[in-house]
There are 2 protein chains.
Amino acid sequence: MLSNSAALDEKDISFSISDLAREFGVTTRAIRFYEDEGLLSPGRSGRQRVYTSRDHVRLKLIVRGKRLGFSLSEVREIIEMYDLDPGESGQLRYFLEQIKKRREALQQQRHDIELTLDELDSIESECKHRLSALS
Amino acid sequence: MLSNSAALDEKDISFSISDLAREFGVTTRAIRFYEDEGLLSPGRSGRQRVYTSRDHVRLKLIVRGKRLGFSLSEVREIIEMYDLDPGESGQLRYFLEQIKKRREALQQQRHDIELTLDELDSIESECKHRLSALS
DNA sequence: GACTTAATTGACGTTTACGTAAACGGAAAC
DNA sequence: GTTTCCGTTTACGTAAACGTCAATTAAGTC
């Protein structure tokens, strides 16, 4: 009765491997590979893998990272930031450094995107210009 | 005398392979590889490669594309957009489609970046919070 | 003209991120 | 009770993007 009884319903949601594959548009092979790489750690019901909402979150981070062009080991670094232990100050300072680097890389990426989008705009208008000149 | 005599000075700038390697922080091996892939097409002075400002621009697009996580074939697609021929309307319409897809992908990427940056912010403040609690 | 330095060519090696095929296991449907 | 479906395991295959030699050449320099 004194236990923290209000554990959220979210906790016991579970997913099959094909659930996740469908939702995130990846193959089951890929998901198992991510497990081999230590990025996911599903439970088992018999031989079958059972994924928790924690795995669900992690897979979301993985596919997002992939969309950003990160390698799996970079994705791993990012994921590891999420479950840092309350630990010592050295660790924390190290993490803050990593965070800074990541942020800078992401800001560079965002800048690259802006540049590319601008150039796409001008290519597009050039295209449209030529198209209208063909009529 | 009737020739277009005012060709810009920019035109005859040339670069060695190590010039480019230094400037863009890539290896000469990589640069030659890009040539093998048809992304660069330097001239020759004897056996040595001579890169023009066109190659310079292209290499810039390549490294930017790489920073964004694009594969070389995706980079190729983007580069090819830059030198489209005045051609037929079918081509132009096709290009417009490609541009649209690219833009959507880039916007998705930008969105992913915003999400990740936000999360980095909260991880960072959590970190700082814990650090200050250790004093 | 020997020496160093930069570049080339060719070839094989390597890492990453899965794909693909084979062979098997359990559970549900008919 | 056997087909069908999903999942598992093991293992080999592969494409991309270079790295890493090794042998050769050409260009300057002292």
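Sequence lines set the chain letters: A, B, ... in the order given, protein chains first and strands last, and positions in each chain run from 1.
Put simply, CD1 on B:Ile62 is 11 Å from P on D:dA17, counting in whole angstrom units. C:dT8 atom P lies 12 Å from atom CG of B:Asp36, rounded to whole Å. Computed from coordinates, the B:Ile17 CD1 to D:dA26 P distance equals 17 Å when rounded to whole Å. Computed from coordinates, the B:Phe33 CZ to C:dG10 C1' distance equals 15 Å when rounded to whole Å. In this structure, B:Asp19 atom CG and C:dT5 atom C1' are separated by 15 Å, rounded to whole Å. Per the geometry, CZ belonging to B:Arg32 stands 11 Å off P belonging to D:dG19, to the nearest Å. Rounded to whole angstrom, the span from the CZ atom of A:Phe24 across to the P atom of C:dC18 amounts to 15 Å. The separation between A:Arg44 atom CZ and D:dT8 atom C1' is 8 Å, rounded to whole Å.
Which of C:dG19, D:dT8, D:dA17 sits closest to the side chain of A:Arg29 comes down to C:dG19. Among the nucleotides D:dC18, C:dC18, C:dA17, the one closest to any side-chain atom of A:Ser71 is C:dA17. Closest to the side chain of A:Ser16, out of D:dG7, C:dT8, D:dC18, is D:dG7.
Contact annotation for A:Ser18: backbone-only contact, meaning every heavy-atom pair under 4.0 Å involves sugar-phosphate atoms and none involves a base. Heavy atoms of A:Arg49 sit under 4.0 angstrom from primed sugar atoms or phosphate atoms, though from no base atom. B:Thr27 comes within 4.0 angstrom of the backbone, heavy atoms only, and of no base. Residue contacts shown for B:Ser73 are absent, as no nucleic acid heavy atom lies under 4.0 Å away.
Checking B:Phe70 against B:Gln48, the closest nucleotide of DNA chain D that is more toward the 5' end is the one next to B:Phe70. The 5' end of DNA chain D is approached more closely, in terms of each residue's nearest nucleotide, by A:Arg47 than by the other of B:Glu37 and A:Arg47.
A cation-pi arrangement is absent between A:Arg58 and A:Tyr34, since the terminal nitrogen or guanidinium carbon is not both under 6.0 Å from the aromatic centre and inside a 45° cone about the axis.
Between B:Glu126 and B:Arg130 there is a salt bridge, with a side-chain nitrogen of the basic residue lying less than 4.0 Å from a carboxylate oxygen of the acidic one.
A:Leu92 contributes atom CG, which lies 6.5 Å from atom CG of B:Leu134 (distance to the nearest 0.5 angstrom). In this structure, the separation between CD on B:Gln91 and SG on A:Cys127 is 9.5 Å, given to the nearest 0.5 Å.
Taking 4.0 angstrom as the limit, A:Tyr34 places none of its side-chain polar atoms (N or O) nearer than this to OP1 or OP2 of C:dA17.
Aromatic rings of A:Tyr51 and A:His56 (six-membered ring for Trp) have centroids beyond the 6.0 Å cut-off, not under it.
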